[in-house]
Structures are given as structure tokens and as C-alpha cells.
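In what follows, chains are A, B, ... by sequence order, proteins preceding strands, each numbered from 1.
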Protein chains: 2
Amino acid sequence: MPDALPVHVIDDDDAVRESLAFLLESSGIPVQQHTSALAFLDAGVALDRGCVVTDVRMPGMSGVDLLKELNDRGARVSVIVMTGHGDVPLAVEAMKLGAADFLEKPFDDTAMLGAVKTCLGRTAAAEREDGLRGEVVRRLAALSQRERQVLECLVAGHANKTIAYDLGISPRTVEVYRANVMTKMQAASLPELVRMALLAGIAPGDIPVRQ
Amino acid sequence: MPDALPVHVIDDDDAVRESLAFLLESSGIPVQQHTSALAFLDAGVALDRGCVVTDVRMPGMSGVDLLKELNDRGARVSVIVMTGHGDVPLAVEAMKLGAADFLEKPFDDTAMLGAVKTCLGRTAAAEREDGLRGEVVRRLAALSQRERQVLECLVAGHANKTIAYDLGISPRTVEVYRANVMTKMQAASLPELVRMALLAGIAPGDIPVRQ
DNA sequence: TGCGGACCTTGAGTTAAATCAAGGGACGGG
DNA sequence: CCCGTCCCTTGATTTAACTCAAGGTCCGCA
């Protein structure tokens with residue numbers, strides 16, 4: 001399966017980048033090279049999937065800093081970290097920050113290749129669910145402000161007239177938004193709408209427990 | 001907050017166990033000691049929560065083996081791994097296997113204490129959701145067969161008359177079951193019921209994507 | 001055998017929600 | 001300036017869902 005998704009290699013050392021690129025491309029994996037973490041971030045690469053291989057010790061932003069930044073941005077790329085000097089605390093910190101793997105230089109070609117393939121496999125696996133979530137988010141973005149408000153109240157379990165009171169409009173009007181929401185979200189029923197909302201992260205898991 | 005949940009310390013070295021126990025208990029954290037991974041597993045400790053501190057190099061089952069075994073058993077305890085000889089690949093493997101932290105001996109007391117407290121905090125955070133799920137499952141168990149069928153159809157998004165046709169009964173009757181379900185599940189609204197069902201694993205994430 | 005209880009079932013009437021039909025304000029392009 | 005478009009808004013009517021009230025069956029227990 002020729003995966004068109006390129007692996008991003010980040011290292012300030014030209015020789016390392018080149019040899020790594022050669023290794024990966026020899027296995028049919030396309031590579032995009034970056035000379036620094038900032039250059040990678042500025043390249044406008046989609047951060048919702050894919051695989052990144054980065055050095056730790058780099059001028060400017062370090063590999064660990066990059067991990068933090070990616071986490072802050074809610075990125076879900078798999079990051080493989082490589083380092084020249086073996087340092088356990090550093091490795092542990094990187095893994096805690098969500099690194100997919102941590103390899104010491106000079107690394108075994110087989111190990112690196114395996115790590116990259118594992119990451120690409122994970123990405124492919126997460127693709128379907130992401131596609132669903134993405135589709136839901138896309139529909140969500142098509143809602144107007146009022147429709148969005150009504151949707152939130154709906155999944156919270158409020159009745160139409162309650163929503164109307166909260167928003168200061170006629171119950172009848174709420175009904176229209178409700179219908180619009182159902183149409184735009186392509187939901188055939190209220191439960192389906194709720195499932196979509198939960199998938200997209202709307203509506204907190206606030207299930208009252210009165211025992 | 002005196003947490004009655006003990007931290008499990010696993011090490012074949014008596015001196016290490018004792019000093020670690022002293023450190024933790026000095027901070028008001030109760031400790032249960034085990035001389036081997038197998039001894040810990042045989043102790044019948046609940047594996048759905050809590051914190052374990054284990055050595056890697058031990059006769060019989062190693063710390064890494066313990067991590068694998070815990071994963072196989074679907075355990076959700078937080079495991080802090082400590083090791084005598086700093087080894088990056090080992091640390092990375094442990095973290096990949098879900099270790100919460102990885103500390104080299106001799107470790108800093110503050111670091112160990114922080115790691116343990118972080119784990120206990122995570123456990124406490126996961127506690128609420130687990131309690132919720134348990135409560136929902138308990139309510140679910142109180143439903144009669146018909147009520148359960150109606151609930152499943154409901155969260156699937158079917159209308160009352162549709163459910164009535166599917167079950168071969170009067171729409172009116174479905175309404176009664178529906179009311180019973182709402183009462184027994186203590187759900188104030190349909191969306192709330194759907195959230196409960198999703199929490200308990202009912203209703204697949206089958207969101208139609210017709211674009 | 002009779003009785004209480006749990007489950008399944010239903011009709012009539014009230015309340016909430018979906019359908020049909022449509023007006024007013026904002027905004028950009030012709 | 002007028003027109004189309006999008007968003008917000010609403011009334012009247014039909015349909016679905018909820019509340020009140022109640023009969024039938026099956027089973028264990030007194």
C-alpha cells in the first residue's frame with residue numbers, strides 16, 4: 001500500500017536528515033525534511049495525523065519543546081524522538097509528553113523503520129474514526145450561532161420551552177432551529193444527534209447520580 | 001485528604017522497600033510491600049485503580065513482565081518503574097507499556113513522592129467516571145426484558161410507533177416501558193438516557209455519513 | 001386456594017414537538 | 001437602489017409523546 005502521507009524529518013544536521021530520508025524512501029516512504037522545529041511548524045503541515053521524526057538537541061526549539069507545542073495545539077501526529085546522548089530522564093520526559101518512540105543515535109535502521117511503520121499504521125487505524133469526527137465537526141461548523149446554542153441545550157436534555165425561556169425567544173422559534181439543526185447535522189433522531197455531539201466533544205458527561 | 005488506598009511497593013531488596021515505605025508513609029501515604037511481582041499478583045490486590053512502584057530487575061518476573069501481565073489483565077493501576085542501571089531502551093519500553101513514570105536509582109525523594117502523588121491524583125480523577133459507569137450498569141440491571149428492548153430501540157433513535165411495530169405491541173404499551181426506563185434509569189430526558197447508554201457501552205457509534 | 005407482587009398490556013385525555021406557511025432585518029452584488 | 005440570500009422570528013395545525021387510570025397473566029408464598 002503506497003501511503004502518500006510523507007514522514008516529516010526534523011534535524012539541524014544535514015547528514016542525519018539525508019541518511020534518514022534515504023533509509024525511509026528506500027522503503028517507499030515519502031519524506032519531507034525540515035531543518036528546525038520552527039521551520040516544521042511554519043510549514044503548514046496538517047497536524048491531525050501523520051508521523052514526525054525529530055532530533056532533541058537543536059538550536060531554537062528542542063524536540064521536547066516541539067512535543068509540548070504539538071500537545072498545546074491539540075496535534076495528533078505520532079512523534080518519534082531521536083537523541084545523540086542517551087539520557088533516561090530525557091527519554092522518560094519525551095514519552096510522558098506523548099512521544100511514540102525514543103531512539104538513541106546511532107540507531108539501528110531496522111528499529112527506526114519499524115518505529116515509523118508502527119506510527120503510520122496507527123495513523124491509518126485512527127483514520128476512520130477521525131473521518132467520522134471530522135465529518136461531524138464539519139457539519140457543526142455549518143450551524144448558525146442560534147442553531148449551535150439550541151443544539152447545546154438539546155443535548156443537555158432541555159425541553160423546547162425551557163430553551164426558549166433561556167434564550168428569550170418564542171418556543172415556536174426554538175422549534176425551527178431544532179429542525180434546522182437536525183437537517184444540517186443530518187440527524188434522523190434526537191439520540192443520533194446526541195451521539196454526534198458526544199463524538200465531537202459537546203455536552204459534558206454530567207450524569208446526575210441521586211441515589 | 002487521607003487516602004486509604006495503599007501504594008504497592010515491589011522490590012526483592014528489603015532495604016529499598018523499607019526506605020521507600022518510610023518515605024511514602026512519612027507523607028501519610030499507606031504502603032503495602034511485596035517481595036516479588038508474582039507475590040503482588042497473588043495478593044489479590046484490586047487492579048482497577050491505585051498505584052504500584054516496582055523495580056525492574058527482580059528474580060522471576062521482571063518489572064517489564066509485570067507491566068505486560070497487567071496490560072493483559074486489563075489492569076488500570078498506575079505503575080512507576082524504578083531501575084538501578086540507567087538504560088534508555090528499557091525506559092522507553094516501559095513507558096510504551098504504559099508505565100506512569102520511570103526513575104533511576106538512586107532517585108530523588110522529591111521526584112518519587114511527586115510521581116506517586118501524580119498517580120494517586122490520576123486515580124482519584126478516574127474514580128468518578130468509574131463510579132458513574134458502575135451506577136449506570138447497576139440501574140441497567142434493574143430493567144425488565146421489555147424495558148431493556150425498548151431502551152435499545154430508543155437510543156437507536158426509533159420512534160415509539162416504530163418500536164411498537166418491531167416488538168409487535170401497542171404504541172401505548174411502548175410508552176409505558178419508556179416511562180419505566182426513564183424512571184428506573186433516573187434519566188430526566190432522552191439525551192441524558194442516551195449518554196448513560198453510551199457510557200455503559202450500549203448503542204454502537206453508528207452515525208450515518210451520507211454526503 | 002387465595003393473596004401480593006412483578007411484568008405485560010391497553011384506552012382516554014393532556015402536553016410537547018414536528019409540519020405547513022410566511023414576515024422583517026442585515027448584507028452584498030448587480 | 002433593488003434583488004437575492006441568509007438569519008432570526010412567529011402563528012396555526014397536525015402528529016407524537018407524556019399523564020392518569022386500570023385490566024389480565026404468571027409466580028411464589030401464606
Go through A:R172 and A:E175 one step at a time and tell me if the salt bridge (Lys or Arg N to Asp or Glu O under 4.0 Å) criterion holds.
CA-CA 5 Å; A:R172 179 62 194 79; A:E175 199 45 55; over 6 Å; no
Kindly assign one of parallel, tilted or perpendicular to the pair A:H34 and A:F40, based on the angle between their ring planes and the thresholds 30° and 60°.
perpendicular
May I ask you to test the B:I10-B:V53 pair for a side-chain heavy-atom distance under 4.5 Å?
no
Round to the nearest Å and state the distance from A:R146 atom CZ to D:dT9 atom C1'.
10 Å
Heavy-atom count check: over 12 atoms from other residues, nucleotides or ligands less than 6.0 Å from A:R146 CZ?
yes
Assuming nearest nucleotide by heavy-atom distance, tell me which of B:V174 and B:L143 is located more 5' along DNA chain C.
B:L143
Among pairs that include at least one residue of residues 25-37 of chain B, which meet salt bridge (charged side-chain N to carboxylate O under 4.0 Å, His left out), considering only residues two or more places apart or in two chains?
none
Base contacts versus sugar-phosphate-only contacts with protein, heavy atoms under 4.0 Å: please encode nucleotides 15-23 of chain D as B, S and - from 5' to 3'.
-SSBBBB--
Answer yes or no: is there an ion pair linking A:E93 with A:K96, defined by an N-O contact shorter than 4.0 Å?
no
Would you say a side-chain N or O of A:S144 is under 4.0 Å from OP1 or OP2 of D:dC6?
no
Would you mind reporting whether A:L66 and A:L41 have side-chain heavy atoms less than 4.5 Å apart?
yes
Give me the first and last nucleotide of DNA chain C, going 5' to 3', that has any atom under 4.0 Å from a heavy atom of chain B.
C:dC8 to C:dA12
State plainly whether the residues A:D55 and A:K105 are in salt-bridge range, i.e. N to O under 4.0 Å.
yes
Please state whether the phosphate of D:dC7, meaning OP1 or OP2, lies under 4.0 angstrom from any side-chain nitrogen or oxygen of A:Y177.
no
